[in-house]
Amino acid sequence: MYSGAAAAGPPRRDFISVTLGPEEAVGVGGYNNGKAWRRRSCWRKWKQLSRLQRSVILFLFAFLAVCGIISYTSVGEAWKSMCSVQLRIARMRFPCICSWRGAVIEPDQSTEPPSSKITEPEKHLSVEAEDEKEAVPINERQLAVIEAFRHAWKGYKDFAWGHDELKPLSKSYSEWFGLGLTLIDALDTLWILGLKEEFEEARKWVANDLIFDKNVDVNLFESTIRILGGLLSTYHLSGDSLFLEKAKDIGNRLMPAFKTPSKIPYSDVNIGRGTAHPPRWTSDSTVAEVTSIQLEFRELSRLTGDEKFQKAVDEVMKHVHTLSGKNDGLVPMFINTNSGQFTHLGVYTLGARADSYYEYLLKQWIQGGKKENELLEDYMRAIEGVKKHLLQRSEPKKLTFVGELAHGHFSAKMDHLVCFLPGTLALGAHNGLPADHMKLAETLIETCYQMYAQVETGLSPEIVHFNLHAQKGHRDVEIKPADRHNLLRPETVESLFYMYRFTGDKKYQDWGWEILQSFNRYTRVPTGGYTSINNVQNPSNPEPRDKMESFFLGETLKYMFLLFSDDIDLINLDKYIFNTEAHPLPIWVPA
Ligand code: DMJ
């Protein structure tokens, strides 16, 4: 409170007064600021101090000097990291494909659900991790992949933007789910290839136009591997929470598929209505489909902290683990959603309807830190089953291939889809599984390459039959008229990528390069896009089908780009695991 008495007292001073001694006071003895005088005066003062006082002052000086040095170095560090952030921002503003590396975010390796930490911490980590290392320049072959991707993207952008698939010849599009499938499948490829502008444009579409609240039936497996997988990996690479939000949305909308008597999910879900059902003609689901959604749902649980996603898919794996009807680890192709039992027993293939069951056994085991022993057991048993029942050698080149078994009869038929296997075997060997898995991978990838090299267009058909007996004038590979199409599939290029990463043998890059040339020669549409073809045996008329599958951008070109790269940190295989649609997800406990 203001008081008159206080006002009458001495004036209040808001400063500290320092009383100087008479000699130092200005005006006493006159102002003398000469250097010699100041030196003498300081020395006299110092001499007047006691020994203790001098020691205290010396100690204080020494202490301050040490503090100074420490803070200088940490300011230096802070400055250095600020500079690297600036460098990164500059690179993003002026994207140059020669120096901009796509895979910059280190995967979040904590096993805790990081529901509240969305973007920033990961970004800062990545900046430092990236700048510590010399950037590996993009080479000629990678540039050729970027060129191919841009050409495909141009077609999609001009004629099919926001729709599922491009029809490059009729310059239109086709719808499957009506969810911009190609765009979503391609998001992380855009990021990895460093196509920043195109990525931003696609991101805008996801932010403004991707709406899942639609009365539409989607296939659980296809939408999980392409949409959920694509969104999750793009979230990890870009650190942009938009993609996680969208992933949560679609993940929740797919959950009704698991409401079945056996908990084996239905194949189809209406994502707007929240209802699910099996295909119209059966109550069976496909074994590969119900066992190849796990990587994505498990990761969604880890990110959201909501365990329901992981619980649902883990239950499927546990159930399948216990089922009878397997043949030395090989599974039938169908499973009933009511009884939970395998159906159509006695037919075993590594191709369509079973393929990614085997792939996901190994990959889940790796994703979870190699702790889930049942997954490993099932995988190891299955590979023994493949060796025992499905391997044969062709004539004349003695190519080792994986055939099929139907009720005890061996068929020398192999789907191109089976060519995922060399890559998976190599990945297992890299993760400590037996060396003979790698040997088998080496022989099988040679076969997959021959499925291209022995064909007139240099492109593999969908299915081949191998000759078991030498016949004059016959190659190893025979093709039936109904099987001679090529859908721009990725499996061989995918396996070439793994083989090159783990062996460093350049022949795998050369084989991939040949395949890219063949795609360019026979499937490229001049006005934009690439097309599936009907006849790989007719170079003068491969009969274009007028469809570019979303996996050409999501998988085939991505694996090509990675195959030609010599940068093992461009999606490091000790940190990431690819889902079956080539979307990299973090390994929870990296090697
Ligand atoms: C993709 O959708 C996936 O790779 C799936 O596992 C198999 N089929 C296509 C590519 O061929």
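Under the 30°/60° scheme for interplanar angles, the aromatic rings of F578 and F497 are found to stand perpendicular. Between F410 and F401, the ring-plane angle classifies as tilted under the 30° and 60° cut-offs. The aromatic rings of Y559 and Y498 lie tilted to each other, with the angle between the two planes from 30° to 60°.
The minimum heavy-atom distance between L433 and L376, with the atom names listed, is CD2-CD1, 3.7 Å. Heavy-atom minimum distance, L300 versus G251: CD2-CA, 3.8 Å. What you find for P332 and L345 is that their closest heavy atoms are CG-CD2, 3.8 Å. Across C419 and S495, no two heavy atoms sit closer than the pair O-OG, 2.5 Å. The two residues P584 and D188 come nearest to each other via the heavy atoms CD-OD2, 3.4 Å. Scanning both residues, S565 and L570, for their nearest heavy atoms gives OG-CD2, 3.7 Å.
A donor-acceptor contact closer than 3.5 angstrom is absent between the side chains of T260 and T337. Side-chain contact check for S262 and H319: no donor-acceptor pair (N or O, by modelled atom type) lies under 3.5 Å. Using a 3.5 Å distance cut-off with no hydrogens or angles, the side chains of Q310 and D314 do pair a donor with an acceptor. Side chains of Y449 and E514: a donor on one and an acceptor on the other come within 3.5 Å. H583 and Y576 share no donor-acceptor pair across their side chains, judged by distance under 3.5 Å alone. A side-chain donor from one of E404 and T349 sits under 3.5 Å from a side-chain acceptor of the other. Judged by distance alone, the side chains of T556 and R489 never bring a donor and an acceptor atom under 3.5 Å apart. No side-chain donor-acceptor contact under 3.5 Å links T424 and E359. Side-chain atoms of R353 and T286 form a donor-acceptor pair, as typed in the model, at a separation below 3.5 Å. Counting only N and O atoms by type, the side chains of D476 and N467 include no donor and acceptor under 3.5 Å apart. A donor-acceptor pair shorter than 3.5 Å cannot be found between the side chains of E462 and N486.
The shortest distance between side-chain heavy atoms of S238 and F199 falls below 4.5 Å. Within the 4.5 Å cutoff, the side chain of H236 has no heavy atoms near those of the W191 side chain. By the 4.5 Å heavy-atom criterion applied to side chains, L487 and F552 are not counted as neighbours. M414 has its side chain out of reach of I463: every pair of non-hydrogen atoms, C-beta onward, lies at least 4.5 Å apart.
Counted within 6.0 Å of NZ on K397, heavy atoms from surrounding residues, nucleotides or ligands total 12 or fewer; the atom is thus considered open. Within a 6.0 Å sphere centred on CD of E307, other residues, nucleotides and ligands contribute 12 heavy atoms or fewer.
Salt-bridge check for R298 with E372: passed, with a basic side-chain N closer than 4.0 Å to an acidic carboxylate O. At a threshold of 4.0 Å, the pair E555-K558 does not count as salt-bridged, since none of the basic side-chain nitrogens sits closer than that to a carboxylate oxygen. A salt bridge links K506 with D566; the closest basic N to acidic carboxylate O contact falls under 4.0 Å. Between K387 and D436 a salt bridge is recorded (basic side-chain N to carboxylate O distance below 4.0 Å). Note on K388 versus D328: salt bridge recorded, some NZ/NE/NH1/NH2 to OD/OE distance being below 4.0 Å. Checked for salt-bridge contact, E442 and K439 meet the test: a charged N lies under 4.0 Å from a carboxylate O. A salt bridge between D306 and K311 is absent, with no side-chain N of the basic residue lying under 4.0 Å from a carboxylate O of the acidic one.
Checked against the 6.0 Å centroid criterion, the rings of Y348 and H407 do not qualify as a close aromatic pair. Ring centers of F420 and Y358: at least 6.0 Å apart, outside the cut-off. Outside the 6.0 Å centre-distance limit, the rings of Y500 and F564 are not counted as a close aromatic pair. With ring centers used as reference points, F297 lies under 6.0 Å from F258.
Panel note: side chain K326, backbone H321; a donor-acceptor pair is recorded below 3.5 Å.
Exactly one residue among L399, V386, L425 makes a side chain to side chain contact (heavy atoms under 4.5 Å, CB included) with L444. That residue is L425.
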S356 vs S292, test: side chain to side chain donor-acceptor pair (under 3.5 Å). Steps then yes/no. CA-CA 6 Å; S356 43; S292 311; 2.8 Å; yes

